[in-house]
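What follows is a short report on a single structure.
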Amino acid sequence: MPELPEVEVLRRTIESSVVGDGIESIEVRERRLREPIDTRTLRRLLAGRRVIGVGRRAKYLLVHVERGSTLVVHLGMSGRLTVAAGDAAREPHEHVVLRLASGRKLRFRDPRRFGAMFALPTAAIDGDRHFARLGIEPLGVGFSGATLAAAAARRNASVKGLLMDAAVVVGVGNIYASEALHRAGIHPRRSVARISSERWERLAAAVRSVLSDAVAQGGTTLNDFADALGESGYFQVLLEVYDRAGLQCRRCGGTIRRLRQLGRSTYYCPRCQN
DNA sequence: CGGGCGGCCTGGAGGC
DNA sequence: TGCCTCCAGGCCGCCC
């Protein structure tokens, strides 16, 4: 589902459309998400307050409201958070509706219910169990090949496993891990113990470039990603390996292969990745 | 402690 | 057409 670029695109569209608007009321129709929704806390911390900013940490969207509270939204695999007219017809799996002072509604849909929605004091975010163990932001300052090399010390995992470990670097899921490794020319199964510092730098740069290119394209829409206004992304047409098994590598002409790794599909080009 | 795997859910695609 | 199986972008907790 949504990885860092999709959540960042959502952040920007939510920010431009709801900052300044007020949350009038909160209706929870289905509380059984990955974590059950605590409706009373949502109402206590959010109702009657205006949205003052929208942030993101890893794949979590942070909707900051007046008087020091934050609504946290995680899209899981199939979640969508969209702004709609107040009288818009209810959509399937619309679990939470926030009525806004402008008359519109912010609605959360999630067919698979792998998502999460909760509220907490803004000052408590860093210490909260969802955030306390998260690693570095790949598009922020300080992320480099040295970050990855340091995390690789005393480990023996595959490089793809390291990239997808949120305690090391956040926001990189199954699609962008495959894409970044392809850009860097590194085989996804390569042990982290056998990667030179030059390759770590190349990989960190590839992670950064693939994520920022995806943000610029509005994210990747394979099935259900859409931003706050319901717009799809376009990065899927620029994917070099993901979901392209059997097709030609656009860089070297080799044939893209799929393998099973950590229970997930990994895509790579055996000719230009080693 | 690191790392691998199953489980949580529903829907869509593809095979028979 | 219908039924079955597999698969999906995340994350947590359990096990070794």
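Sequence lines set the chain letters: A, B, ... in the order given, protein chains first and strands last, and positions in each chain run from 1. As the structure is a computational prediction, the values presented were derived from the model and not from experiment.
Heavy atoms of A/Asp110 sit nowhere under 4.0 angstrom from any nucleic acid atom. Residue contacts shown for A/Tyr242 are limited to sugar-phosphate atoms, with no base heavy atom under 4.0 Å away. As judged by a 4.0 angstrom heavy-atom cut-off over every strand, A/Leu262 is placed among residues touching the sugar-phosphate backbone only. Across all strands shown, A/Arg129 has no heavy atoms under 4.0 Å from either base or sugar-phosphate atoms. Backbone-only engagement by A/Arg260 is indicated by non-hydrogen atom pairs under 4.0 Å involving sugar-phosphate atoms exclusively.
Using a 4.0 Å cut-off between a side-chain N of Lys or Arg and a carboxylate O of Asp or Glu, A/Arg99 and A/Glu24 do not qualify as a salt bridge. Taking the charged nitrogens against the carboxylate oxygens, A/Glu94 and A/Arg109 have no contact shorter than 4.0 Å, which rules out a salt bridge. For the pair A/Arg11 and A/Glu8, the salt-bridge criterion is met [side-chain N within less than 4.0 Å of a carboxylate O].
Under the 4.5 Å side-chain criterion, counting only non-hydrogen atoms from C-beta, A/Val51 is in contact with A/Ile23.
Put simply, chain A comes within 4.0 Å of DNA chain B, heavy atom to any atom, from B/dG3 to B/dG11, going 5' to 3'.
Rounded to whole Å, atom P of C/dG10 lies 19 Å from atom CE of A/Met117. What separates CG of A/Asn174 from C1' of C/dC7 is a distance of 12 Å, to the nearest Å. Put simply, CZ on A/Arg34 is 7 Å from C1' on C/dG10, counting in whole angstrom units. Whole-Å rounding puts the A/Met164 CE to C/dA8 C1' distance at 12 Å. Between A/Leu33 atom CG and C/dC11 atom P there is a gap of 15 Å when expressed in whole angstrom units. Spacing between atom CG of A/Leu163 and atom C1' of C/dG10 amounts to 16 Å, rounded to whole angstrom units. Atom pair A/Tyr176:OH and C/dG10:C1' shows a separation of 14 Å (rounding to whole Å applied). We find that CZ of A/Arg264 is positioned 7 Å from C1' of C/dG10, with the value rounded to whole Å.
If you look at A/Tyr268 and A/His187, their ring centroids are closer than 6.0 Å.
Comparing the same atom, C1', in C/dC12 and in B/dG11 gives a spacing of 23 Å after rounding to whole Å. Distance noted for atom P between C/dC14 and B/dC9: 16 Å (whole Å).
Taking 4.0 angstrom as the limit, A/Arg112 places none of its side-chain polar atoms (N or O) nearer than this to OP1 or OP2 of C/dC7. Close to C/dC11, at under 4.0 Å from its OP1 or OP2, lies a side-chain N or O of A/His74. Note on A/Ser265: a side-chain N or O is less than 4.0 Å away from OP1 or OP2 of C/dA8.
Neither side chain, A/Arg190 nor A/Ser158, offers a donor N or O lying under 3.5 Å from an acceptor on the other. If you check the side chains of A/Thr220 and A/Tyr176, you find a donor sitting under 3.5 Å from an acceptor.
For DNA chain C, if you chain together Watson-Crick or G-U pairs that step i with j, i+1 with j-1 and so on, the runs of at least three with distances under 3.5 Å are B:2-8 with C:10-16, B:10-16 with C:2-8.
Comparing C/dC12, C/dG10, C/dC7 by their nearest atom to the side chain of A/Glu3 picks out C/dG10.
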Show the numbers, then the answer: is there a ring pair (Phe, Tyr, Trp, His ring centres under 6.0 Å) between A/His130 and A/Phe118? CA-CA 11 Å; A/His130 298 87; A/Phe118 56 94; 4.3 Å; yes
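Cation-pi contact between A/Arg57 and A/Tyr60: absent, since separation from the ring centre below 6.0 Å together with deviation from the ring axis within 45° is not met.
Within 6.0 Å of the CG atom in A/Asn274, the count of heavy atoms belonging to other residues, nucleotides or ligands exceeds 12.
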